[in-house]
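Before any comments, here is the structure.
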Amino acid sequence: MQLVIIGAGGHGKVVAECAELMTQFSQIHFLDEQQAHLQHYPWPVIGRPDTYSQYAGSQTRFFIAIGDNHLRGRWVETLTEAKCKLATLIHPSAQVSRHSQIGEGTLICANVSVNPFTSLGISCIVNTGAIVEHDCKVSDLVHIAPGCSIAGGVEIGRASFLGIGTNVIQGVRIGSNVQTGAGAVVLKDIKNNQLAVGVPARVIKQRDC
Ligand SMILES: CC(=O)SCCNC(=O)CCNC(=O)[C@H](O)C(C)(C)COP(=O)(O)OP(=O)(O)OC[C@H]1O[C@@H](n2cnc3c(N)ncnc32)[C@H](O)[C@@H]1OP(=O)(O)O
């Protein structure tokens with residue numbers, strides 16, 4: 001099975017290394033706009049993203065290594081319409097409960113813990129060292145940045161981004177397209193399309209839908 005990763009930026013490197021450590025892909029390639037500048041990579045950059053269909057087939061899995069949640073979502077739509085299959089990548093050092101559900105195209109990075117009866121949607125990023133406790137519902141396209149701790153029974157809506165080191169107490173509901181700042185401590189619900197920062201987290205801005 002070969003893996004074709006769309007996006008060879010910083011996040012792409014983390015994705016490729018995770019895939020390499022999983023040892024189930026015979027080849028790992030990138031598609032990126034910056035093909036000419038990335039020849040030093042250990043994983044070849046074989047074309048631009050818009051050439052993806054050339055690589056589709058039963059022996060190929062795709063992974064979208066784009067940090068922007070909304071842009072990643074557009075790629076999910078494109079690849080799904082083209083019937084391209086997405087890989088789900090789980091770093092060997094991660095602890096993922098067998099009683100949790102992980103959606104297609106999701107990345108679980110090094111030293112992450114996902115506890116029982118938690119579900120993660122399609123094309124989420126659970127970044128390095130994050131903890132997602134029991135009974136959480138994490139919707140599609142959510143990014144949980146490195147070092148976040150999400151307590152039990154938390155809900156996180158579509159395409160939200162929890163900034164690095166965010167802590168969320170149990171039972172909180174975070175809407176869709178929410179962003180939290182680095183180090184935020186979320187003690188109460190956050191509605192859709194809001195940016196919240198600080199300890200405790202307070203909403204400071206509306207985000208574009
Ligand atoms: C592997 C990886 O690298 S994954 C990526 C990890 N990266 C992150 O998690 C980034 C998180 N980003 C942040 O925390 C940013 O500071 C953001 C998104 C909150 C900034 O949002 P912006 O809309 O640009 O806000 P801006 O910088 O104008 O700040 C607005 C106010 O919030 C304050 N503020 C910004 N970030 C924070 C924060 N994390 N905590 C507390 N206050 C903050 C600013 O000081 C400013 O206050 P002021 O109005 O009193 O001067």
Side-chain angles (χ1 to χ4, degrees), residues 1-112 114 118-130 132 138-146 158-161:
M1 188 72 69
Q2 72 161 338
L3 182 69
V4 175
I5 301 171
I6 296 177
H11 181 51
K13 295 176 202 170
V14 173
V15 167
E17 185 172 60
C18 178
E20 190 175 77
L21 290 168
M22 289 171 69
T23 68
Q24 69 187 55
F25 300 104
S26 54
Q27 292 176 309
I28 297 172
H29 292 139
F30 279 116
L31 299 179
D32 196 278
E33 301 288 353
Q34 304 294 322
Q35 191 181 356
H37 304 293
L38 299 171
Q39 296 309 327
H40 60 288
Y41 268 32
W43 309 282
V45 184
I46 55 174
R48 293 163 52 95
D50 58 9
T51 63
Y52 71 89
S53 58
Q54 290 176 23
Y55 307 98
S58 62
Q59 289 306 303
T60 302
R61 295 290 179 273
F62 287 87
F63 196 90
I64 309 158
I66 295 174
D68 181 295
N69 292 339
H70 297 285
L71 186 52
R72 198 167 65 257
R74 289 199 283 279
W75 268 105
V76 170
E77 285 171 20
T78 299
L79 293 179
T80 305
E81 276 168 25
K83 303 209 180 324
C84 296
K85 291 200 171 138
L86 297 179
T88 300
L89 301 180
I90 300 179
H91 194 283
S93 69
Q95 311 259 356
V96 177
S97 167
R98 66 191 182 95
H99 303 293
S100 60
Q101 290 180 331
I102 313 293
E104 278 184 359
T106 283
L107 173 69
I108 308 285
C109 287
N111 299 319
V112 161
V114 178
T118 275
S119 63
L120 290 159
I122 293 168
S123 198
C124 292
I125 304 167
V126 186
N127 225 316
T128 313
V132 188
V138 179
S139 303
D140 297 346
L141 300 168
V142 166
H143 180 176
I144 297 173
R158 184 180 170 87
S160 286
F161 171 50

Legend entry - Those residues that, when tested against Cys109, pass side chain to side chain contact (heavy atoms under 4.5 Å, CB included) (two or more places apart): Val14, Leu107, Val112, Asn127, Thr128
Inset, instruction - Name all residues meeting the side chain to side chain donor-acceptor pair (under 3.5 Å) criterion together with Asp32; count only those two or more places apart in sequence or in a different chain, and write none if there are none. - result: none
Legend entry - For the student: nearest non-hydrogen atoms of Ser93 and Ala110, plus distance: OG-CA, 3.3 Å
Legend entry - ring-ring contact (aromatic ring centres under 6.0 Å, His included) involving Tyr52 - partner list, sequence neighbours excluded: Trp75
Which donor-acceptor pairs under 3.5 Å do the side chains of residues 58-71 make with protein atoms, sequence neighbours left out?
{"unit_1": "Thr60", "atom_1": "OG1", "unit_2": "Gln2", "atom_2": "NE2", "d": "3.1"}
{"unit_1": "Thr60", "atom_1": "OG1", "unit_2": "Tyr55", "atom_2": "O", "d": "2.8"}
{"unit_1": "Arg61", "atom_1": "NH1", "unit_2": "Ser58", "atom_2": "O", "d": "3.4"}
{"unit_1": "Asp68", "atom_1": "OD1", "unit_2": "His70", "atom_2": "N", "d": "2.9"}
{"unit_1": "Asp68", "atom_1": "OD1", "unit_2": "Leu71", "atom_2": "N", "d": "2.8"}
{"unit_1": "Asn69", "atom_1": "OD1", "unit_2": "Arg72", "atom_2": "NH1", "d": "3.1"}
{"unit_1": "Asn69", "atom_1": "OD1", "unit_2": "Arg72", "atom_2": "NH2", "d": "2.9"}
{"unit_1": "Asn69", "atom_1": "ND2", "unit_2": "Leu141", "atom_2": "O", "d": "3.4"}
{"unit_1": "Asn69", "atom_1": "ND2", "unit_2": "Ala159", "atom_2": "O", "d": "3.1"}
{"unit_1": "Asn69", "atom_1": "ND2", "unit_2": "Ser160", "atom_2": "O", "d": "3.2"}
{"unit_1": "His70", "atom_1": "NE2", "unit_2": "Asn177", "atom_2": "OD1", "d": "3.0"}

Inset, instruction - Not counting sequence neighbours, list each pair that qualifies as a side-chain hydrogen bond (donor to acceptor under 3.5 Å, both in side chains) and has a residue in residues 8-25. - result: Glu20-Trp43
Inset, instruction - Have a look at Leu31 and tell me which of Thr51, Asp50, Val45 forms a side chain to side chain contact (heavy atoms under 4.5 Å, CB included) with it. - result: Thr51
Inset, instruction - Looking only at non-hydrogen atoms, find the nearest pair between Thr106 and Ser123 and report the distance. - result: OG1-N, 3.2 Å
Inset, instruction - Look at atom CD of Gln95 and say whether more than 12 heavy atoms of other residues, nucleotides or ligands are closer to it than 6.0 Å. - result: no
Legend entry - Counterpart residues, side chain to side chain contact (heavy atoms under 4.5 Å, CB included), relative to Val96 (two or more places apart): Ile90, Ala94, Ser100, Ile102, Ile108, Val114
Inset, instruction - Evaluate the side-chain proximity of Val126 to Val138: yes if any heavy-atom separation is below 4.5 Å, no if none is. - result: no
Inset, instruction - Just jot down the side chain to side chain donor-acceptor pair (under 3.5 Å) partners of Arg48, sequence neighbours excluded, or say none. - result: Glu33
Legend entry - side chain to side chain contact (heavy atoms under 4.5 Å, CB included) involving Asp140 - partner list, sequence neighbours excluded: Ile122, Arg158
Inset, instruction - Kindly write out the residues that satisfy ring-ring contact (aromatic ring centres under 6.0 Å, His included) with Phe30, not counting sequence neighbours, or none if the list is empty. - result: Tyr41
Inset, instruction - Working to the nearest 0.5 Å, report the span between CG of Leu120 and CD1 of Ile144. - result: 6.0 Å
Inset, instruction - State which residues pass side chain to side chain contact (heavy atoms under 4.5 Å, CB included) with Thr80; sequence neighbours excluded, sorted by chain then number. - result: Val76
Legend entry - For His99, side chain to side chain donor-acceptor pair (under 3.5 Å) partners two or more places apart: none
Inset, instruction - For residues Gly105 and Thr88, report the shortest heavy-atom separation together with the two atoms involved. - result: N-OG1, 3.4 Å
Inset, instruction - Could you pull out all residues at least two apart from Phe25 that satisfy ring-ring contact (aromatic ring centres under 6.0 Å, His included)? - result: none
Legend entry - Closest contact, heavy atoms only, Ser139 versus Cys124: O-SG, 3.1 Å
